[in-house]
Student: 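What follows is a structure written as structure tokens; I'll ask about it next.
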Amino acid sequence: MRQALRWLAWVGATVASLALLSQPVGTQAQLAMSLAAMAVMIVLWAVFDGPRTRFVFMALGSLVVLRYILWRLTNTLPSPGDPVSFGFGLILLVAELYCVFILFVSLIINADPLRRDPPPAAPAADLPAVDVFVPSYNEDATILAMTLAAARQLNYPPDKLTVWLLGDGGTDQKCSDADAAKAAAARARRSELKALCDELGARYLTRARNEHAKAGNLNNGLAHARGDLVAVLDADHVPFRSFLTETVGYFAQDPRLFLVQTPHAFLNPDPVERNLRTFERMPSENEMFYAVTQRGLDKWNGSFFCGSAALLRRTALGEAGGFSGITITEDCETAFELHSRNWTSAYVDKPLIAGLQPDTLTDFIGQRSRWCQGMFQILLLKNPVFQKGLKPIQKIAYLSSMAFWFFPVPRLIFMFAPLLHIFFDLKIFVASVDESIAYTLTYIIINLMIQNYVYGKFRWPFVSELYEYIQGVYLVKAIVSVIASPRKPTFNVTNKGATLDHDHISSLALPFFLIYLLLMLGCAVAAWRYLYEPGVTNLMLVVGLWNFFNLLTAGASLGVCAERRQLERTPSLAIDRRGVLTLSGHSVDVSIERVSAEGCTLRLLSGALDQGLTRPQLRGTLSVEPTAGARRTAPLPVHLDQATRDGRELVMRMNFGTLAIRDYTALAGLMYGDAEAMRRFQLRRRRHKDIPSGTLQFAWWGLVEPFRALRYLLASRQPRPVEIEEPPVYDAPLGVFAPAPSVPGPATAGAAPSLSMAAKPSDAESGDDWVRLMMDYENERTLAELRGRRTSAA
């Protein structure tokens, strides 16, 4: 009875609100209402906190948005007597309605994100058996060695843990290829990976044919494995030691739980982060999804499988016939099928793996094209609206996740719509300047406030627009192709670990340059017409400002197309571990501050090394103190690259050189023994970015980055000089390692590969990139925090 009364109250309040919204008011009254709502929202934001405040804040903002949409539907469309303007006006309106739909659905899903308590610990005898699947196709053996070594060291009873490498690059089909060279390469890969698994204690499994891509490979693993649970890790997703202890316990709490998903965290920047230099200070694009949206979905039993960093129940997979493979996004499709069979899912918001993102813009767009096409395949072939077994809120959740990928179409509509009025005088949006301020401007500000309130720690203002535009230019083609033939798209493996040894313009940059020039011309024409053409109203000024914002977005995107050289050959992670360094028989306690697959940074804790023991290339070993409960591993072979004084402390840059397979066990234990290292890195970037400062940052990119892109474009037409690689030099004021300045001379024969621990701008860029100063401050503060912890621990 109480529940029914509550629903009636909600329905009554909704009807009353809609009736109030439908009442006509004047432009000045509308402006006053919107400003009042804005003022109340600011007070709520600044003074109050809690779930109720959150609901009131979003409700006030939603009323303003609904009021704007009602006005757009009833007052702003061109007359049908002008079919051209009316047609384009209708297209623009539909694009806006799509964005409002996505906004409201996201607010429903994310109104009260769920944060789960840790599961209770269970005795080792009661723990279920776990099979860890690492599907592979063409990844480098060193990447696989790290993932397998870390998986073998998971904090779990060894007799209940089996690690499988599912090799799809050495199938019988490939080993028998008609092309002798391809067949030989496949046989060599099979032999290499089998030896790798034998050395690391994993099992190698391949199959007869490469059917159904990743889903088929996983299903082949299911046919041979016998564990109660299956953990899936992408080949470049290395698990931290606590991965299973943080996730397995949830399955004992709920017998219908089929999935525990954890976030995908990354060691390297994507092309946007690297080329705009935001990786150390701005949350990654995926963090909004994993830190807010997946938690929101989890509240409604709608969090879904993301292809990796997850645990699944075998019995649930068996009921659904294994991993679904009709679409190229087997992960979401599998979760979709199991949710419709009344199974439940859980999301754990803790970074328990560290992976790699695509390095180049080409690979980034390729990855997103696959995601886009796969989600559209599910939408077209298994529409959640008509899927039996799903609850209404689950249908909304899946519909939002799938419909989101339609964003390229409205994003490009918004990009080009102002040009129709500027160049052809088409009035696709009929409104006066006063109405545009009272309705449109306040709607835009309220929309920004809502998104900044909900996502401010995880997404800077206008960064979503930048990502959507960059992807949208190429994803429109992907959308059209999958709509034309929903079953046609095929699974393509995303390339990772590409080498970027010099600054260059991306091969995908041409459309971005052309669009930028078109928008620049639009700004010039709008300014000329507004200033000098008789009869042009203030509406041209409004449209011109809209076009100028689009120009800033296009300018920032050119900065993404201007790909900076990559200073880290292998991504590194800041850690806080202890060990013992031995050089020429002398041992000293050290703090290990940063580590990658190639080397690490050490700081001496006590004593001092003789001056003669700080010579470059001096060889020794590094013994690492294991984390709680972990087994001690064999020492890592190291040799000294550089030793530099930092005040009274000695900082040493060590290189691992060429590692044997067995050494990856020790390296994985060092780098991935403590998941808090990744969590600290993420939290350091999660600072709320307010709208004014976020707007200024975005405008700076839009104004400055086109000049860097132009410089790269002109440089690409010049022959590139041979670069001499030098060993890194420790930059004491910043507390990071950076490459030494290049000097003429022959390369040192047999020199060990160097690793840059942080990106440092070239001299040509240091004068016009004030953002670097902020990054320097972040580096210094991070080191100060680490030293403070060491002092307090001592």
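Side-chain atoms are counted along with the backbone in the values below, which use heavy atoms only and exclude waters and symmetry mates.
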Student: Could you tell me whether the side chains of Thr665 and Thr633 share a donor-acceptor contact shorter than 3.5 Å?
Tutor: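 No, Thr633 and Thr665 have no side-chain donor paired with an acceptor closer than 3.5 Å.
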Student: Look at the aromatic rings of His237 and Phe266 and report parallel, tilted or perpendicular, splitting at 30° and 60°.
Tutor: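 Perpendicular: the ring planes of His237 and Phe266 meet at over 60°.
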Student: Is the His224 ring parallel, tilted or perpendicular to the Trp164 ring (thresholds 30°, 60°)?
Tutor: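 If you compare the ring of His224 with that of Trp164, the planes turn out tilted.
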Student: Is there a side-chain contact between Val132 and Arg152 (heavy atoms, below 4.5 Å)?
Tutor: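 No, side chains not in contact.
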Student: Glu211 pairs by salt bridge (Lys or Arg N to Asp or Glu O under 4.0 Å) with which of Arg209, Arg207, Lys214?
Tutor: Arg209
Student: For the pair Asp254 and Arg313, find out whether any cationic side-chain nitrogen is under 4.0 Å from an anionic carboxylate oxygen.
Tutor: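 Arg313 and Asp254: not salt-bridged.
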Student: Among all residues two or more places apart in sequence or in another chain, which pass the ring pair (Phe, Tyr, Trp, His ring centres under 6.0 Å) test with Tyr204?
Tutor: none
Student: Regarding Asp228 and Arg226, does a basic nitrogen lie under 4.0 Å from an acidic carboxylate oxygen?
Tutor: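 Arg226 and Asp228: not salt-bridged.
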Student: Once the angle between the rings of Phe681 and Phe279 is folded into 0 to 90°, is it parallel (under 30°), tilted (30 to 60°) or perpendicular (over 60°)?
Tutor: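 Answer is tilted, since the angle falls between 30° and 60°.
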Student: Looking at side-chain heavy atoms only, is the closest gap between Arg256 and Asn342 below 4.5 Å?
Tutor: yes
Student: Is there a donor in the side chain of Thr329 and an acceptor in the side chain of Gln377, or the other way round, less than 3.5 Å apart?
Tutor: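 Not at all, the side chains of Thr329 and Gln377 share no donor-acceptor pair under 3.5 Å.
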Student: Please determine, by modelled atom types, if Ser324 and Glu337 share a side-chain donor-acceptor pair under 3.5 angstrom.
Tutor: no
Student: Which label fits Tyr290 and Tyr347: parallel for a plane angle under 30°, tilted from 30 to 60°, or perpendicular past 60°?
Tutor: parallel
Student: Ignoring hydrogens and angles, state whether a donor on the side chain of Arg189 or Ser136 is under 3.5 Å from an acceptor on the partner side chain.
Tutor: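 Judged by distance alone, the side chains do pair up.
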Student: Evaluate whether atom CZ of Arg203 has more than 12 neighbouring non-hydrogen atoms of other residues, nucleotides or ligands under 6.0 angstrom away.
Tutor: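 Counting neighbours around CZ of Arg203, 12 or fewer heavy atoms of other residues, nucleotides or ligands fall under 6.0 Å, so no.
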Student: Taking the side chain as C-beta and beyond, is there a heavy-atom pair between Lys350 and Ser242 under 4.5 Å?
Tutor: no
Student: How are the rings of Phe336 and Tyr398 set relative to one another: parallel (under 30°), tilted (30 to 60°) or perpendicular (over 60°)?
Tutor: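 Because their plane-to-plane angle is over 60°, the rings of Phe336 and Tyr398 count as perpendicular.
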Student: Is it true that Asn210 and Thr171 share a donor-acceptor pair across their side chains at a distance under 3.5 Å?
Tutor: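 Looking only at side-chain atoms, Asn210 and Thr171 do form a donor-acceptor pair, the distance falling under 3.5 Å.
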Student: Any chance you could lay out the salt bridge (charged side-chain N to carboxylate O under 4.0 Å, His left out) test for Arg577 and Asp674, step after step, and finish with the verdict?
Tutor: CA-CA 9 Å; Arg577 300 287 298 276; Asp674 181 15; over 6 Å; no
Student: What is the ring orientation for Phe258 with His339, classed by angle as parallel under 30°, tilted 30 to 60°, or perpendicular over 60°?
Tutor: perpendicular
Student: Please state whether the rings of Phe404 and Phe407 are parallel, tilted or perpendicular, taking 30° and 60° as the class boundaries.
Tutor: tilted
Student: Establish, from distance only, whether the side-chain atoms of Arg685 and Ser284 form a donor-acceptor pair under 3.5 Å.
Tutor: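 Their side chains do contain a donor-acceptor pair, which is all the 3.5 Å distance test asks for.
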